[in-house]
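Chain naming here is simple, since letters A, B, ... match the order of the sequence lines and numbering starts at 1 in each. Just so you know, these numbers use all the heavy atoms, side chains as well, and skip hydrogens, waters and symmetry mates.
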Amino acid sequence: MLSMSVRVRYAPSPTGLQHIGGVRTALFNYFFARSQQGTFILRVEDTDQSRSTDEALQDLYDTLHWLNIRWDEGPLVGGPCGPYIQSQRFEIYQKYAAELVESGKAYPCYCSEERLANLREEQAAAKSKEQGYDRHCRNLSAQQRAEFEHQGIKPVIRLKVPLEGSTTFHDVLMGDITRKNRDVNPDPVLLKSDGFPTYHLANVIDDHLMGITHIMRAQEWIPSGPLHVLLYEAFGWDVPQYCHLPMVMGKDGQKLSKRHGSTAVREFKEKGYLPEALTNYVSMVGWSYDGVKEFFTREELEQVFTLEKINKAPGVFDYKKLDWYNGMYIRAKSDAELASLLTPYLAKAGFVTEPCSARQQERIDAMVPIVKERLKVLSDVVEMTRFLFEDIACPPVDQMLPKNQTVETTVQVLNATIPVIKELGKASDEDLEQRLASIATERNLKINGVFMPIRVAVTGSTVSPPLFDSIRLLGLETTMIRLERAITTLTQHMGK
RNA sequence: GUCUCCUUCGUCUAGUGGUUAGGACAACGGGUUUUCAUCCCGUCAACGGGGGUUCAAUUCCCCCAGGAGAUGCCA
């Protein structure tokens, strides 16, 4: 091998649940690493002590496991560049920050939060050309510093961004991106007063120390690209390759967020999206193979993924298309596999016990082929099969009446129907269907005029799985009770 | 306000200096069907605008507009 092997990382901060945008970044990094026989690293950026939570960290692990994104190095698995959790690398950042101060590339700043807040407010109000820190502490004398230290003020460390010149970095997708140094954040904080690094510092140090070759992250980071290059240069380190990924937006073109619908991967899991469907769909926003092929196994993606095919423009996350993918993946499952995927949803609804009895298992197995082509998400099974597990209320009269049919004819139809239904299992379905059809024609009704009242009486809805299948699953006994009850209700209504 | 990035059907996208601008989802219509769904068939639908360059621009260049992002002791 001629070139240095690829090392990429996904470096989320555990401050919230993993969301669609995040896992898309993870996936692209992961696929790129695999396609290059490279290394995929997970790094936890928990430098914001007030916002990082254990729950979010656990959610990160759960989500990556669920999506089957395995990291070669990182927390839980270790690796040669550990630790991979930034809060455990505290001293490293201290050391490098001190180095920068010593070499004059950074300086301590003693400004209070209040002063900075006021400054920002004034600048915004005045629509000032200068926005951001005013470099107040950039040129403090040693004496002034000593004075502040004496007062016990904990300083932050700020980068001394050059006032002149410009900085360029190369992006695999965008090409060269240049920014004048005076437009770069004016002296951003590198080390906070609690001693923890900011993203900028930790990120650059760790990417260097961990030998990251390609930085693939969302485009929202583009503006800080030059800043990071400045940092690499301040340390005298090589700059990795950049590849800024297009963002994932909601329907309104804004950054995807909760108000667009579910965004946490955990929610998709709970609703019954399959990980392979989610992976497949998410991979197709911002990337395509040839514009035609759109079903990819994960192995194919690991093989065929290339940076060049990534789109530059942001993409809208289309929930409808995800549903379509999910339905396709559900239908591709074997009945047995689908049965076991569905069982937790049935158990949660209280329809079956977990683990379920042999009798329940039998019923689920019989149900699966019937619901399979009707499911968009696994949880749909609950409402779809509720009538099988719970006693339903007798539907209201008008719901039981087919179009253009009176209560009288409907009662007659239902009565005529009962002896036929009782034959279920004894005669063939075709035979039964024939006989129900003739009940309709004898009365000059459409065939639906016979099926629909039965369907509504038995399932409680005008929409259900095929009638005979539904009855078989329900059992003849319960079916008869519901039919008789419907007839009684209708008859009573007639008298009024 | 300033800086940066982006711009092909409603959405995800393919594509080329000369194409009937292709596919998928959605929508709509039709067929199959005991409802729904599946499945099949079809319809609608796009190169943001203005300048160039060129015999020829959706494609190359410039400007504008629109959108997004950044501008934190958050990442």
Side-chain angles (χ1 to χ4, degrees), chain A residues 11-16 45-48 50-52 109 111 113 116-117 120 123-133 154-158 171 173-174 177-180 182-186 188-194 196-200 202-203 217-226 244 246-247 249 251 253-255 281 284-294 311-325 327 331 370-376 384 402 433 436-437 440 446-452 454-456 459 461-468:
Chain A
S13 70
T15 53
E45 307 217 330
D46 60 343
T47 55
D48 186 338
S50 59
R51 294 201 311 142
S52 296
C109 162
C111 292
E113 304 233 26
L116 296 175
R120 250 194 306 280
Q123 286 169 335
K127 301 206 169 186
S128 161
K129 215 166 144 62
E130 305 293 326
Q131 300 269 334
Y133 184 54
K154 278 253 175 229
V156 301
I157 302 299
R158 289 183 182 270
D171 184 278
L173 262 22
M174 310 291 172
I177 295 175
T178 301
R179 228 174 147 174
K180 293 189 190 74
R182 67 173 140 86
D183 291 328
V184 172
N185 305 14
V189 171
L190 262 22
L191 210 60
K192 308 179 223 179
S193 54
D194 64 1
F196 278 88
T198 59
Y199 170 80
H200 303 297
N203 175 266
R217 51 155 45 158
Q219 278 175 7
E220 57 188 327
W221 290 110
I222 288 180
S224 32
H244 287 92
M247 316 239 311
M249 318 298 250
K251 259 235 158 335
Q254 311 275 115
K255 205 164 145 181
Y281 174 62
M284 302 308 287
V285 6
W287 182 86
S288 74
Y289 178 66
D290 59 3
V292 175
K293 181 172 164 65
E294 52 189 351
N311 233 72
K312 287 199 251 191
V316 174
F317 188 82
D318 186 347
Y319 290 86
K320 289 252 180 72
K321 190 145 191 182
L322 204 217
D323 282 347
W324 174 74
Y325 267 104
R331 273 169 254 131
I370 295 158
V371 296
K372 194 178 196 175
E373 63 197 24
R374 282 160 240 271
L375 296 173
K376 284 208 296 261
M384 208 168 277
E433 188 171 343
L436 290 183
K446 289 194 172 159
I447 191 160
N448 195 39
V450 172
F451 273 88
M452 192 50 84
I454 310 175
R455 181 188 315 283
V456 175
T459 71
S461 167
T462 56
V463 174
S464 82
L467 187 57
F468 296 153

- request: Indicate the ring-plane relationship of A:Phe451 and A:Phe468, choosing parallel, tilted or perpendicular according to the 30° and 60° boundaries.
  value: tilted
- prompt: How would you label the contact of A:Thr459 with the nucleic acid (heavy atoms, under 4.0 Å): base, sugar-phosphate, or nothing?
  reply: nothing
query: When you measure from the side chain of A:Met452, which nucleotide among B:rC6, B:rU35, B:rC73 comes out closest?
result: B:rU35
field: For B:rG69, the Watson-Crick or wobble partner whose two distances fall under 3.5 Å
entry: B:rC3
- prompt: Choosing from B:rC6, B:rA37, B:rU34, which nucleotide comes nearest the side chain of A:Glu433?
  reply: B:rU34
message: Please report the distance, rounded to the nearest Å, between CH2 in A:Trp324 and P in B:rG23.
response: 14 Å
- prompt: Ignoring hydrogens and angles, does a donor from either the side chain of A:Lys321 or the base of B:rA26 sit under 3.5 Å from an acceptor on the other?
  reply: no
- request: Figure out the NZ/C1' separation between A:Lys376 and B:rA26, and round it to whole Å.
  value: 12 Å
field: Base versus backbone protein contacts along nucleotides 62-72 of chain B [heavy-atom cut-off under 4.0 Å; B, S, -]
entry: ------SBSSS
message: Using heavy-atom distances to pick each residue's nearest nucleotide on RNA chain B, tell me which of A:Glu294 and A:Ser288 is more 5'.
response: A:Ser288
Lys/Arg N to Asp/Glu carboxylate O, A:Asp318 vs A:Lys321, below 4.0 Å: no
- request: Return yes if the base of B:rC73 and the side-chain atoms of A:Ser193 contain a donor-acceptor N/O pair under 3.5 Å, otherwise no.
  value: yes
